[in-house]
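Each ligand, and each atom within it, is numbered from 1 in the order the structure gives.
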Amino acid sequence: MKQTVTPALRQWIIEQASAGFAPDAVLEAMKSSGWDEDVAISAMESTLREHLQSQNKSATRASPPAADVPRTASPVVARPASSLPDVALSGAANQIDVGDGLVEVIASLINPRVLVLGHFLSDEECDGLIAAARPRMARSLTVETKSGGEELNPDRTSNGMFFTRGQTPLIERIEARIARLVNWPLENGEGLQVLHYRPGAEYKPHYDYFDPKEPGTPTIVKRGGQRVATLIMYLNEPTRGGATVFPDIGLEVAPLRGNAVFFSYDKPEPSTRSLHGGTPVLEGEKWVATKWLREGVFT
Ligand code: PD2
Ligand code: ZN
């Protein structure tokens with residue numbers, strides 16, 4: 001069936017662009033409300049071109065009729081592209097200045113946004129984090145989304161602990177580096193978590209965002225909103241096993257000391273393809289530090 005691009009739809013497209021929503025987000029909103037992709041792209045292109053031309057002529061006109069697009073096309077689900085943590089890769093740069101050193105870009109993917117980074121932590125920093133965490137390790141809990149409390153999770157057989165934000169000068173330094181790396185306020189970060197896996201321990205594939213369908217989620221997100229990105233830092237090297245895997249995209253990141261993997265998710269949905277897990281450690285042990293970033297200030 002042929003779809004007709006109405007003036008109301010054109011007006012809606014202009015409003016989304018003016019509000020700063022990324023073209024991809026606007027396109028996704030249209031597709032999810034039933035618009036054919038080709039029709040949607042062509043409507044966006046022609047509408048925005050004409051809008052720019054009319055702006056250049058600085059014409060002022062009466063407002064077109066209210067947008068008559070289906071409710072599900074509402075862009076409130078989308079966020080402007082600039083409102084996610086991200087590493088600014090300028091041109092063909094293979095290294096990023098994080099203020100107190102250079103971090104290597106080993107691999108990067110646009111969708112989902114995933115970056116594998118080298119030399120994020122020095123050997124001394126890795127050892128310092130392990131030494132500070134070791135005496136406080138306990139069997140890992142995950143946030144229990146039914147109630148908002150914490151529970152033992154059989155999918156996660158590592159031991160773990162949380163530092164508070166800025167708990168030691170070393171943590172303060174690493175947190176400042178993370179904030180600079182991904183252009184996201186330090187205050188939006190949860191406290192650093194350290195995990196320790198022995199042989200056989202793993203973290204089965206999961207999403208790091210809080211499932212909106214779970215009853216405990218509203219309580220959890222009162223402290224800073226949803227999680228929107230994760231940085232996993234490798235503090236040592238297991239002899240065999242212990243990779244971080246992204247099953248939806250067939251990516252396996254080797255746990256190499258000092259390296260890190262960053263990924264973001266713009267909505268709490270599997271469509272972000274941010275499913276990831278830690279494969280069982282087969283030999284040796286594995287230590288990681290994880291920083292989760294929230295939408296707003298984490299209190
Ligand atoms: O240790 C890992 O590789 C891993 C895998 C999946 C850590 C996390 N998730 C996490 O801390 O969220
Ligand atoms: Zn995770």
Over 12 non-hydrogen atoms of neighbours within 6.0 angstrom of CG in D100: yes
Closest approach of any protein heavy atom to atom 11 (O) of ligand 1, naming residue and atom: T290 OG1, 2.8 Å
Salt bridge E190-R223, side-chain N to carboxylate O under 4.0 Å: no
Distance-only side-chain donor-acceptor flag, E214 / T217, under 3.5 Å: no
Shortest protein contact, atom 7 (C) of ligand 1 (heavy atom only): I232 CD1, 3.5 Å
Close N or O approach (H276, ligand 1; < 3.5 Å): yes
Test: K291 and E175 ion pair at under 4.0 Å: yes
Short N or O distance, Y203 and ligand 1, threshold 3.5 Å exclusive: no
Proximal atoms of ligand 1 relative to V288 (non-hydrogen, under 4.0 Å): 1 (O)
Residue W292 vicinity, atoms of ligand 1 by number, heavy atom under 4.0 Å: 10 (C), 11 (O), 12 (O)
T230 and ligand 1 - part of the residue with a heavy-atom distance under 4.0 Å: neither
Closest protein heavy atom to atom 4 (C) of ligand 1, given as residue, atom name and distance to 0.1 Å: Y197 OH, 3.6 Å
Enclosure of R198 CZ (heavy-atom neighbours >12, cutoff 6.0 Å): no
Numbered atoms of ligand 1 (with element) below 4.0 Å of D208, judged on heavy atoms: 12 (O)
side-chain contact (heavy atoms from CB on, under 4.5 Å) partner of L293, chosen from S264, P85, P185: P85
Numbered atoms and elements of ligand 1 in range of Q193, under 4.0 angstrom, heavy atoms: 11 (O)
Parallel, tilted or perpendicular: ring planes of F263 versus Y265, cut at 30 and 60 degrees: tilted
R113 (side chain) donor-acceptor with L84 (main chain) under 3.5 angstrom: no
Sphere of radius 2.8 Å around the Zn ion (ligand 2) - protein N, O or S atoms inside: H206 NE2, D208 OD1, H276 NE2
Within 6.0 angstrom of H119 NE2, more than 12 heavy atoms from elsewhere: no
Sub-4.5 Å side-chain heavy-atom contact between T244 and K286: yes
Option from V288, L192, T290 for which side-chain contact (heavy atoms from CB on, under 4.5 Å) with M233 holds: L192
Distance filter under 4.0 Å to H206 heavy atoms, resulting ligand 1 atoms: 6 (C), 9 (N), 12 (O)
